[in-house]
2 protein chains.
Amino acid sequence: MKPSYHHKDLRKQLVSAGLRQLNRDGLVNFSMRRLAQDLGVSHAAAYRHFASKEALLAAIFLETSAAFRAALSASLVQPPPLANASSASSSAVAPPDASVALTRLGRAYVRFFLDNPEALGLFSALPEEQNLMLSLIASLDGAVPATASAPLIELASHAGADCFDSLPDDSAFGLLRGLVRAIRGQPAFRHLSEREVMLGYWAKVHGLASLLVTQKNFLPPDQLDASLDRLLETAF
Amino acid sequence: MKPSYHHKDLRKQLVSAGLRQLNRDGLVNFSMRRLAQDLGVSHAAAYRHFASKEALLAAIFLETSAAFRAALSASLVQPPPLANASSASSSAVAPPDASVALTRLGRAYVRFFLDNPEALGLFSALPEEQNLMLSLIASLDGAVPATASAPLIELASHAGADCFDSLPDDSAFGLLRGLVRAIRGQPAFRHLSEREVMLGYWAKVHGLASLLVTQKNFLPPDQLDASLDRLLETAF
DNA sequence: ACATCATGTTTACATCGTCAACATGAATCG
DNA sequence: CGATTCATGTTGACGATGTAAACATGATGT
């Protein structure tokens, strides 16, 4: 089998091999030419599929963020076992309690970045970084198509400063907002606005992810899951 | 006055102009040659002062982190006015209450990164990123000299996974640890380890900084200080 | 069979980080 | 004062990079 002039779906291989190189060498050392060489293809071959290096990174970002979204959604629908697993409810689509749901969501968030360390850098080093984190939140509802060809701009354009109020209640983000509202019902959080409660939750979760990714051993690794649960539950 | 062959303290100008370029063009587009050109000096001139681009960035990091340290220390010694300023105690070196001190510290932390947006990227994109955040915490005590010529390695070498327990109680970090211990005295936090309380606090503060830097308008900017105080106080 | 067109390849260029060889001039010492 | 030394700045070169233009190949549909 000759390696065949036409590589046939080079595109997918660029994205997946690119992701691999990203996690190996870091974002700063990400190189188009080395990537092409690794795939046994000449440099500039990638430019038949991506307009620029940034576009490739955007595609990788899109794939990663799709996985991210899936992980978060899964944590709400089919919760991974908490530290103290008691009831065996088979298909609890609606989470029993807001703070439990937020704990699950938070744990999935942190776990994802621990499993994909480079994703954090990717998510914040891309051109539309200003709107990125919120577009991720917004993209929870699937309103933004994850089709890999769409440039990042398109994704980010859906999430401005006002996306907090503009998404429908039955979207995933709307559900998150609902959880936040429920939390805000507790007397301890009454003096905060919705956005403040939301930001406080997200900040804690995101901060845990950031710090733990770069400080993997700050907490004893074997008790990490339990620690995470405790920390997230304590937030509310 | 001819621009003089010898530029005389090019080094400082490289650091400060470099910091400026960093905040303008971002870390990814940071260019040695453009920097030299902006200073009216030929490329490679910088290599008389810094062994590599990374070394320059490390120097910029050191300067930035010194300012960071100063801002944090100042917030503990001479607190910036909280939202509700009542008593005018002239020189309250010892903060009156642990949670108040932590709120002040947190606000200084967030404010610093809002004022120096690129510092966040700098702090996490540098070679010793693994130990960076904790070395910053550790460097609160001034054990690490801020002399600009020292490479980053030297700084980071002082902060390993064990710096949490190894610093003396009367250092700034020790003080922070004391604050954390005081907080842990409250019944709501008794079930958490010291490190967990510490991480929870730091995560919230760091997360607030990260999210607000990239989402400057998520909270109404005019009430940002008040919101921050509320959010930080609610953590405890 | 042939034309079309998506997909690879080659060549070329500007820019980048970095090094080696050289130039300059301020400081030191006779 | 004049010669020497040495830190500092310059020039030119090299290899690697991102990217565009011109060209090649071969799968596809008429």
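Under the 30°/60° scheme for interplanar angles, the aromatic rings of B:Phe113 and B:Phe68 are found to be tilted.
Closest to the A:Arg33 side chain, of the nucleotides C:dT9, C:dG17, C:dA12, is C:dA12. The side chain of B:Ala45 lies closest to D:dG9 when the candidates are C:dG17, D:dA22, D:dG9. Comparing D:dG18, C:dT18, C:dG8 by their nearest atom to the side chain of B:Lys53 picks out C:dT18.
Across all non-hydrogen atoms, the minimal contact from A:Phe30 to A:Lys53 is O-NZ, 2.8 Å.
Counting to the nearest Å, the P atom of D:dT8 and the CD atom of B:Gln13 are 14 Å from each other. If you take CG of A:Asp25 and C1' of D:dA16, they are 15 Å apart, rounded to a whole angstrom. Rounded to whole Å, atom P of D:dA20 lies 10 Å from atom CE of A:Met32. Between the NE2 atom of B:His49 and the C1' atom of D:dT8 there is a distance of 6 Å, rounded to whole Å. The separation between A:Tyr47 atom OH and C:dT11 atom P is 18 Å, rounded to whole Å. When the C1' atom of D:dA27 is taken as reference, atom CG of A:Asp9 falls 15 Å away, rounded to whole Å. The CD-C1' distance, from B:Gln37 to C:dT15, rounds to 11 Å in whole Å. Taking atom CG on A:Asn29 and atom P on D:dG18, their separation rounds to 11 Å, with Å as the unit.
OP1 or OP2 of C:dG17 sits under 4.0 Å from a side-chain N or O of B:Ser31. Checking the phosphate oxygens (OP1, OP2) of C:dT10, a side-chain nitrogen or oxygen of A:Ser42 falls inside 4.0 Å. Dashed line: the shortest gap from a side-chain N or O of A:Arg34 to OP1 or OP2 of D:dT17 is under 4.0 Å.
Counting heavy atoms from C-beta on, the side chains of A:Arg48 and A:Leu10 never come closer than 4.5 Å.
Between B:Arg48 and A:Arg48, the residue whose closest nucleotide on DNA chain C is further toward the 5' end is A:Arg48.
In this model, a side-chain donor or acceptor of A:His43 finds a partner on the base of C:dT11 within 3.5 Å.
In A:Gln37, the CD atom is not crowded: 12 or fewer heavy atoms of neighbouring residues, nucleotides or ligands sit closer than 6.0 Å.
Judged purely by atom type and a 3.5 angstrom limit, B:Arg107 has no side-chain atom pairing as donor or acceptor with the backbone of B:Leu232.
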